[in-house]
Amino acid sequence: MAMPKGKGRKARVEEEACNTLKCVQDWTNWSLKKAKVITHYGLIPLIIYIGMNSEPKPTLSQLLSPF
């Protein structure tokens, strides 16, 4: 395989490191966006579920009421 002119081994290693870093950043951003959506739509139902299964068992209106 022919090597491109002007690029040595060091340049290829740096380019691969840059590509790896970009891949890690993209994956991190993707996973944080998914975690944000899951937390946004899952936290309140989780709190209600845990509250409904505690002793003494409250009614749903007592659980959602601020008083």
Side-chain angles (χ1 to χ4, degrees):
M1 184 161 110
M3 290 187 28
K5 275 193 163 184
K7 286 198 173 185
R9 176 182 154 91
K10 187 175 180 181
R12 282 191 315 224
V13 170
E14 289 175 359
E15 185 176 325
E16 287 176 8
C18 184
N19 288 341
T20 303
L21 180 62
K22 177 145 176 46
C23 181
V24 169
Q25 287 175 339
D26 290 344
W27 186 86
T28 302
N29 286 338
W30 177 85
S31 61
L32 288 176
K33 286 179 184 178
K34 297 297 180 187
K36 181 179 176 183
V37 171
I38 290 168
T39 302
H40 181 79
Y41 289 107
L43 186 63
I44 300 300
L46 177 65
I47 291 171
I48 293 171
Y49 176 76
I50 291 171
M52 292 299 287
N53 289 326
S54 65
E55 289 294 331
K57 292 204 181 287
T59 62
L60 187 58
S61 62
Q62 288 174 331
L63 190 62
L64 296 177
S65 168
F67 303 110

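- Listed by chain and residue number, I48 satisfy the side chain to side chain contact (heavy atoms under 4.5 Å, CB included) test with I44 (two or more places apart in sequence, or in another chain).
- Here CD1 of I38 is found 14.5 Å from NZ of K33. Values are rounded to the nearest 0.5 Å.
- I47 and L64 fall into different hydrophobic clusters, where Ile, Leu, Val, Met, Phe, Trp and Tyr side chains are chained together by heavy-atom contacts under 4.5 Å.
- When each of S61, S54, P56 is tested with P58 by the rule side chain to side chain contact (heavy atoms under 4.5 Å, CB included), just one qualifies, namely S54.
- Here Y41 contributes atom OH and K36 contributes atom NZ; the two are 10.5 Å apart, rounded to the nearest 0.5 Å.
- For K57, the NZ atom sits in a packed shell: over 12 heavy atoms of surrounding residues, nucleotides or ligands are nearer than 6.0 Å.
- Remark: T28 engages V24, L32 in a side chain to side chain contact (heavy atoms under 4.5 Å, CB included) (not counting sequence neighbours).
- Inter-residue side-chain proximity for D26 and W30 is flagged as unmet; no heavy-atom pair is nearer than 4.5 Å.
- Summarising the hydrophobic clusters (Ile, Leu, Val, Met, Phe, Trp, Tyr; side-chain heavy atoms under 4.5 Å, direct or chained), the residues clustered with L21 are none.
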